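I have placed the structure first, in the form of structure tokens, so that the comments after it can refer back to it.
Letters A, B, ... are given to chains in the order of the sequence lines, protein chains preceding strands, and every chain is numbered from 1. Just so it is clear, the structure is predicted and the values come from calculations on it, not from any experiment.
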Amino acid sequence: MQHTRRKVLKSGGGAGVLALLFAAGIVRPAKGLAQSGNAFSMKTVPDAMRALGAQNAAASAGILIKAPEIAENGAVVPIAVESRLAGTESITLLIEKNPNPLAASFNIPAGTEPNVSTRVKIGESSDVYALVKAEGKYFMAKKEIKITLGGCGG
Amino acid sequence: MMIRRRMAAAVLAAGAALGALAQSSPEAEIAKYREALAAGNPADLWEARGEALWKQKRGPKNASFEACDLGKGPGVVKGAYAELPRHFADADRVMDLETRLAHCMVTLQGFRYEDATKRVFGAGTNRSDFESLAAWITAESRGVTMNVALGHAKEHEAYQLGEKMFYFRGGPHDFACATCHGESGKRIRLQDLPNLTEKAGAQLAYTTWPAYRVSQGELRTFQWRLNDCFRQQRFPDLKFASDASIALTTFLARNANGAAFNAPAIKR
Amino acid sequence: MSDPMRIRAAERDGVVNVKVLMSHEMETGQRKDAAGKIVPAHFISKITATHQGKTVLSAQWGPAVSKNPFLEFNFKGGKKGDKVVVTWEDNKGETRTDETTIN
Amino acid sequence: MKTMNSGKAVLIGIAAFVAGCASVSDQEASQKALAMMKASFNERGQAKLDRLNQDEAQRLCSKPPTQELAKDVAARIEKENLASIRYPADGKLIGDWKNGERIAQSGQGMQFNDDPKRPSGANCYACHQLSKAEISYGTIGPSLYHFGKLRGTSDAIQRYTYGKVFNSQAFSACSNMPRFGHNGILTEQQMKDVTALLLDPSSPVNQ
């Protein structure tokens, strides 16, 4: 089941498809970030999202993932996420192809701009998902980042 | 401080743009990657450690580096790196920064040379004092114009032998420094290769070392840069502070004369 | 003991830009050492930034955040001269707190 | 004469100035540099000090790439290197392009930190474009995309391709390309696989 979902996710691509899949999946009570410790150990994006209670996240153009499309080195990939959604409460980063996709989650209190920047490891070329909780609901966006081999390669 | 960082970012971006004249999409994206990295350089962490180390009393003689002469008089750090390597009369030898630091650890702080140079390249939590010290000392030359004088006969000779070494082909792959760094507009994989035989390339390359190497999560010095080039050239292991390492550094540093020093930088 | 963070905080038009560099290995727990043994996971798992006692950002991280982590964010309401305090805690329970003055 | 405003002119100036002041001749400088290098490297792993002993081609090619080689010297280097090429006894020059692709991607081998028991790569992508799919390629050498599609797979082309991989300097004195067979970097089977990568019609190089 898990495997199939992952496959569809890869081939289907769009976030809308993903949201539909989640909607069709097992519905669990929504969990807040307090539970994200569990989500960090999940091995797929859908499982991590479900552990966060974000399985119904809808694709949104109000989330901007600012990252290079090609990284010279996967050990350090700069990623900034900006949310233009009113009432943004949290920003979460997931990297699909990493062994544990959930990379980082930020709580945004009132008065802090919904715009954070950090650097993550990406093992191989992968889709990166930004998940935003705004006014109690989850939204998401994604971007593909290519990791290249660099230098003398030895 | 902030302005300095922004300047560094601008210069890095400009350098990347220069290299990617063809402006195809991969090059533009790589330039974006480099620009984003320049916004925060972990070399800062090494600079802070280096400044503390410089002032700390250490070794059998319980002395700090503050009496160490980097060429502009005891304790003068500002701008010193932009004039290195140079001949030091007290040792009658041309020395680069790291060789001079090892010299001060022995003469001022009383360390045995073997102990002083036990860890010249750091790995993770096993850090090298040389890398921390070099981060801070080189940062104190940021914006200073490179000016390696070659006024002494031994400095001339180091330059001349360094040049020979630059073109020396050897090992199972027939590689010389010049194999990768002797022509303009070339790249290895997606990385632009500076042509070190021309002024612009020599300047861009030399003034951006030391650098925080994101692929390793370490700050690397020029001694490391040369050692790792020769590793990839399939040569044996270039000895730290060896005459050959200093000669080649002299050749490359002198060729960067006239450019503003701009390191520690951040690189792939 | 871990090394101090490098924190920069600059105020412009009522918005404070905060940049933090942390000295940490961020071991994933998946890497093998030279002897082929797995290096145990060791990473910063929690971060809190406060201004005048109020939390301006908190975060939970996994080991996918890069070695020597970098974090940048902006908050409103800070003045030049105020303090910004950042605390991290890693998965082994070690913590570190540093502060800087907004300029 | 072109306008002398380039950085190169300045560098040549410096070099001339330095050479003018120095007390030793060019040949003496070469000898001194070699002695200095021999004292400045440590043997480590498989990389012994004998790697600093140059053969004739290495010695003659230790020059700026812009400096032309005399025609007779170039011809001599090419002749000697051509004589060193050994073709497989079974006469088959085309191996498995899939292995060839792996070899082309790998930069492993012969470094002091490499395990000598593991096979070396050829690291072709470091210097050459080969396929459409791999965007991370270098430009030190020419693009080899469509290498076989443009040339076909005649016996002569197969022999040239295998020979070029075996010893690049047989065809181009002082080429930057390693002499993979001559210097024992790749095995015979590996060179067949790289030849296949370049020539096999189903290889990504020829799509």
Side-chain angles (χ1 to χ4, degrees), chain B residues 1-9 12 32-56 119 121-129 131-133 135-136 139 142 210-220 231 237 264-268, chain C residues 1-13 15-35 37-44 47 49 63-74 80 84 86 88 90 92 94 96 98-103:
Chain B
M1 211 59 166
M2 292 298 293
I3 291 166
R4 195 184 83 181
R5 291 291 152 195
R6 253 182 234 128
M7 260 177 66
L12 254 177
K32 245 163 87 178
Y33 173 79
R34 291 174 189 163
E35 204 177 333
L37 285 184
N41 186 349
D44 268 14
L45 300 164
W46 274 259
E47 288 176 34
R49 279 193 288 270
E51 184 173 11
L53 258 175
W54 180 262
K55 292 169 181 165
Q56 186 191 325
R119 181 168 288 120
F121 307 136
T125 46
N126 293 325
R127 296 204 175 89
S128 162
D129 291 348
E131 288 171 341
S132 298
L133 286 162
W136 179 65
R142 201 186 287 277
Y212 181 78
R213 208 66 200 265
V214 303
S215 50
Q216 305 177 16
E218 301 284 349
L219 182 122
R220 294 309 192 190
R231 177 181 67 85
D237 188 6
I266 181 165
K267 291 173 192 265
R268 172 187 72 78
Chain C
M1 222 196 67
S2 55
D3 286 317
M5 284 174 248
R6 296 283 263 180
I7 311 169
R8 296 172 204 281
E11 184 269 336
R12 226 183 127 185
D13 303 330
V15 176
V16 179
N17 172 266
V18 184
K19 288 193 177 91
V20 190
L21 282 163
M22 295 157 237
S23 184
H24 205 284
E25 285 304 298
M26 301 300 287
E27 275 295 344
T28 58
Q30 319 221 354
R31 196 175 63 91
K32 285 179 182 160
D33 64 13
K37 261 180 49 190
I38 295 265
V39 182
H42 187 206
F43 57 94
I44 293 174
I47 300 182
V65 172
S66 303
K67 180 174 172 178
N68 297 318
F70 171 74
L71 168 66
E72 182 178 3
F73 65 96
N74 299 284
K80 287 184 175 38
V84 172
V86 180
W88 59 249
D90 70 21
K92 291 185 180 172
E94 197 185 333
R96 163 118 218 154
D98 291 288
E99 61 174 44
T100 195
T101 305
I102 299 172
N103 62 22

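For a residue to count as touching a neighbouring chain, one of its non-hydrogen atoms must lie under 4.5 Å from one of that chain's; by this rule C:Met26 does not touch chain B. For C:Pro69, no part lies under 4.5 angstrom from a heavy atom of chain B.
Going from atom NZ of C:Lys67 over to atom CD of B:Glu218 covers 4.0 Å, rounded to the nearest 0.5 Å. Between B:Leu45 atom CG and C:His24 atom NE2 the span is 12.5 Å, to the nearest 0.5 Å.
Looking at every heavy atom in both residues, B:Asp44 comes nearest to C:Leu21 through CB-CD1, 3.8 Å. Contact record, B:Arg49 with C:Ser23: NH1-OG, 3.6 Å, taken as the closest heavy-atom pair.
Side-chain contact between C:His42 and B:Thr125 is absent, with no heavy atoms from C-beta onward closer than 4.5 Å.
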